[in-house]
Amino acid sequence: MKRLSAIGWMATVTVLSFASPKAQAQHTIIPIETKNNALVFQTDANRNVGIVYMGPRLSDKQEYGQVAAMYKQGADYTGVNNAAYATAGSRNLFEPAIAVTHADGNNSLDLQYVRHETKKLDDNTSLLTIYLKDPAYNFEVTLYYKSWFNEDVTEQWSEIRHNEKGNVLLNKFASAGLHLKAGSFWLNQFHGDWAREMQPEEARLTHGIKTLDSKLGTRTNLFQPPVFMVSLDQPATEEEGTVLYGALEWSGNFRIDLELDNQDNLRIIAGINNYASPYTLKPGEVFTTPAFLSVLSTHGKGEASRKLQQWARNYKILDGKGTRLTLLNNWEATYFDFNEAKLKELLKDTKKLGVDLFLLDDGWFANKYPRNNDNAGLGDWQENKKKLPNGIASLVKEAQANGVKFGIWIEPEMVNPKSELYEQHPDWIVKQPNRSEHYFRNQLVLDLSNPAVQDHVFNVVDGLFTKNPALAYIKWDCNAVIYNAYSAKLGNQSHFYIQYVQGLYAVLKKIRAKYPTVPMMLCSGGGGRVDYAALQYFTEFWPSDNTDPLERIYMQWEYSYFYPAISMSNHVTDWGKQPIKFRTDVAMMGKLGFDIVVSDLKEKDLRFCQDALTTYNTVKPIIWQGDQYRLQGPRENAVAAVMYVNAAKTNGIVFNYLVSNRYDAGSLLPIRLKGLDPQKRYTIRELNVYPGVTSTIDSSKVYTGEFLLKVGFNPEVKSGRNSVVLEVKAVN
Ligand code: GLA
C-alpha cells in the first residue's frame with residue numbers, strides 16, 4: 001500500500017486492490033474526517049465511487065482500505081450497491097439518486113469517478129468535491145461534501161450538467177446518498193398536522209423502501225418534516241448508541257428514501273421530491289440540488305443534537321450567535337378585532353409587561369375587502385383605513401414613544417379570492433385554468449415561480465420598511481398548501497414546484513441583501529415550514545399554533561433534537577389549563593414571547609410575568625447559546641426535565657415539569673444533571689417563584705458537580721408545584 005497525499009483532515013489514500021479479481025487495480029480511498037467521525041468513499045477498478053464506511057474515525061487512514069473486506073454479506077450483483085450517487089438504467093438494481101432520459105431518448109446512466117479535490121475553507125470547514133462522468137454520454141455530476149470538523153456535521157449536494165445534443169430530462173435528482181452498515185436500523189420519524197406538529201414514531205426498518213415525503217408544494221412540513229434519525233443496531237437513547245440525524249435543506253416538496261437491501265445495508269437517498277417534477281435540463285445548464293445535512297454520533301441522541309444545534313447557531317441560522325427580541329403579540333388577544341386606540345393601549349401594556357417589542361398580527365390591512373376574518377383581504381397590503389386611519393407609521397411612532405419596538409405580521413405569498421390582488425392579477429395565482437378552485441384556509445398561493453410575483457412579494461416587505469424604517473420585526477406567515485399546481489407564466493409545468501421554492505429563496509435573498517439583520521419569524525400556521533434552508537433567512541420559527549404548555553413540553557422536546565432554543569419562538573397564551581407560571585416557564589425554553597391580554601392579568605400574575613422577564617434577560621444567553629441536555633422525557637416520566645449549560649460549565653438552567661396527573665406523581669427520585677464540571681462546586685436556586693410563594697429549595701447549600709451528575713438533584717416537583725425552574729451556579 002502506498003500513501004499518496006493527506007490534506008488536512010480529508011485525505012486521499014490510494015491502495016492496491018486486495019478485493020478485486022482484477023488484482024493490483026488501484027483503489028482510491030477518500031475519507032472525510034471530522035473530529036469524531038469519518039465518511040469514507042472508495043473507488044474500484046471500474047471507477048465506481050462507493051461509500052465503504054461511516055462511523056468513528058480511525059487513527060490510521062490506511063485502515064479505511066481494509067474496511068470493505070471485513071463484511072461478508074453475500075452478493076452485490078451489481079458492484080454499485082454502495083454507490084455514492086446511485087444511477088438508474090444501468091447496473092444498479094435499487095432506488096437511484098438520479099434517473100435521466102438522455103437527449104437521444106436513452107434511459108441509462110452510469111457515473112464514473114474522474115477526480116476529486118479537497119479544499120480547506122477555514123479552520124473548521126472543508127469541502128470535498130468528487131467529479132463523476134458518464135463514459136457513454138456527455139453527462140456529468142459533481143458531488144460536494146462540506147464538513148464542519150468540530151461539529152461532525154456534513155452537508156452534501158450535487159451539481160448536474162450535460163452537453164448533449166438536446167435537452168436531458170431529469171426524472172430523479174436527489175441531493176445525496178448515504179450507505180450504512182449495521183445489524184439493524186431504527187428509524188425515528190415525525191408526523192403531524194395543524195396544532196400537533198412533530199409527533200415522533202420509531203420503528204425498525206424492514207427490507208424494502210420507507211419513504212418520507214411531502215407533496216404539499218409549500219408549508220410542506222404540515223404532515224411530515226424533512227428531518228429524521230436512524231439508529232444503528234439498536235434504538236439510541238439520549239446518552240448511548242450510534243445515531244445519524246438527517247435533514248433536507250429545502251422548503252418545498254422533499255423525498256427521503258430509506259432502503260434496506262438484499263445485503264441488509266441501508267441506502268438513504270434524500271432530495272427534492274421528483275413527484276410531478278421531471279426537470280428538463282438544457283445543454284450547459286447546471287442543476288444544483290439542495291443540501292442534505294447529516295450528523296452522526298456514537299454517544300446517543302443528546303450529543304448529536306448538541307452538535308447540530310451548535311452548528312446551526314454558528315453557521316446556519318440567521319444571527320444564530322446574536323440576540324433576540326422578547327415580544328407581546330396581539331393575535332390571541334384581539335384576533336381581527338382591533339383599532340388604533342386598542343393597539344395604543346396594547347403598546348402601553350408592552351412596556352408595562354417589560355418585553356422588547358409589540359408584534360401586530362393579522363388583520364391590519366385591506367380596504368375594499370377588509371381583513372376582518374380569514375376569508376378576505378389577503379394580498380391587499382395597505383393599512384385598513386377604518387382600523388388604522390393614521391397607518392402603521394403612527395403605531396411605530398407610538399411604540400417608540402413607549403420605549404418599545406414595533407413588528408408586523410405579513411403573509412405575502414398568499415391571496416384571498418376576495419381581494420383586489422385576486423381581481424387585478426388572476427394570472428399571478430396558482431390554480432388550474434380549467435378546474436374549480438380549492439382553498440386552504442380560504443386562500444390561494446401566489447405563483448412565486450413568476451418573477452413579477454417575486455417582485456411583488458419583495459415590494460410588500462420593502463414598502464413596509466421604506467415607509468417605516470423603524471420597523472423592527474417581521475412575522476412571515478404561510479398558511480396554505482398548493483392545490484391545483486399550475487403557473488400561468490411557466491412554460492414547463494413540471495418545473496413549477498421547484499421554481500416556486502427557488503423564487504421564494506430569490507425574494508428572501510433580495511430582502512436579506514437590503515435588510516440583513518432585521519429579525520424575521522418563519523411561521524406557517526404553526527410549524528409547517530421550518531427547515532435549514534429557510535432558517536438562513538430567518539432568525540426564528542413558530543413551532544406550532546398549539547401553545548398549550550403541556551403540549552409544548554412534548555413538541556419543543558422533539559423540535560430540540562434538530563433546532564436550537566434560540567430559533568424557537570414560544571409564546572405564553574391562554575391555551576391550556578395551567579397557571580401563568582407553568583406557561584411562562586415552558587415558553588422560556590426558547591425565545592420568549594407573550595400573546596395574552598396584559599390588562600386582564602391579576603396583579604400577582606402580572607408581577608410574576610414582569611419578574612420572569614427580568615430573570616429571562618439575565619439567563620437567556622445560557623438557554624440560547626448553551627448546551628442543551630434533555631434529562632428526562634415527558635413520554636416516559638411523570639416529570640420532564642431539560643437543562644441548558646453554558647460553555648464554561650459555570651451556569652445552568654434546569655426546567656422541570658409535572659406531566660402526569662396520577663396519584664403521588666412527582667419527582668420521587670433525584671434527577672441527574674448533565675453537562676456540569678464534576679470538580680466544580682455549585683449552588684442551586686429556584687427561579688420564577690410565584691409572588692407570595694416560598695421556594696422549598698435551599699439555595700445556600702453547596703453541591704459538587706460530581707454529586708449533581710451522579711446522584712442528581714430533586715426539584716421537588718409535585719401536584720401544586722408542577723413547574724420548577726432551577727439555576728445552577730458555580731461557586732468560587
Ligand atoms: C397563523 C399563525 C398565527 C396567526 C394567524 C393569523 O395561524 O400561525 O400565529 O398569525 O395565522 O391569521
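Indexing begins at 1, ligand by ligand and atom by atom, following the structure's order. Just the heavy atoms: all of them, side chains too, but no hydrogens, waters or symmetry mates, feed the values below. Since this is a predicted model, take the numbers as computed values, not measurements.
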- Can you tell me if Glu423 and Tyr369 form a side-chain donor-acceptor pair at under 3.5 Å? yes

- With no hydrogens and no angle check, do the side chains of Lys418 and Asn442 hold a donor and an acceptor under 3.5 Å apart? no

- Query: Only one of Phe336, Trp409, Phe338 forms a ring-ring contact (aromatic ring centres under 6.0 Å, His included) with Trp331, so which one is it?
  - Reply: Phe336

- Of the listed options (Asp545, Asn329, Asn373, Asn330), which comes nearest to atom 8 (O) of ligand 1 when hydrogens are ignored and any heavy atom counts? Asp545

Within a distance under 4.0 Å of any heavy atom of [X], pick out the atoms of ligand 1 and give their elements.
| X | answer |
| --- | --- |
| Trp542 | 8 (O), 9 (O) |
| Asn479 | 1 (C), 7 (O), 11 (O) |
| Gly525 | 1 (C), 7 (O), 8 (O) |
| Cys523 | 2 (C), 8 (O) |

- Taking distance alone, with no angle check, do Trp409 and ligand 1 share an N/O pair under 3.5 Å? yes

- Message: Centroid separation under 6.0 Å, is that true for the rings of Tyr439 and Tyr483?
- Response: no

Minimum-distance protein heavy atom relative to [atom]:
| atom | answer |
| --- | --- |
| atom 12 (O) of ligand 1 | Asp362 OD2, 2.6 Å |
| atom 10 (O) of ligand 1 | Asp361 OD1, 2.7 Å |
| atom 9 (O) of ligand 1 | Lys475 NZ, 2.8 Å |
| atom 2 (C) of ligand 1 | Asp477 OD2, 3.0 Å |

- Of the backbone atoms (N, CA, C, O) and the side-chain heavy atoms from C-beta on, which set of Met521 has a member under 4.0 Å from an atom of ligand 1: side chain, backbone, both, or neither? neither

- Around atom NZ of Lys509, are there more than 12 heavy atoms of other residues, nucleotides or ligands at under 6.0 Å? no

- Hey, could you give me the OG/CD distance between Ser487 and Gln432, rounded to the nearest 0.5 Å? 10.5 Å

- Task: Check the pair Asp531 / Ser251 against side-chain hydrogen bond (donor to acceptor under 3.5 Å, both in side chains), numbers first and verdict last.
- Result: CA-CA 6 Å; Asp531 65 81; Ser251 312; 2.8 Å; yes

- Establish, for the pair Lys215 and Tyr275, whether the NZ or CZ atom is under 6.0 angstrom from the six-membered ring centre and no further than 45 degrees off its axis. yes

- Item | Sub-4.0 Å heavy-atom approach of Glu411 to ligand 1 | no

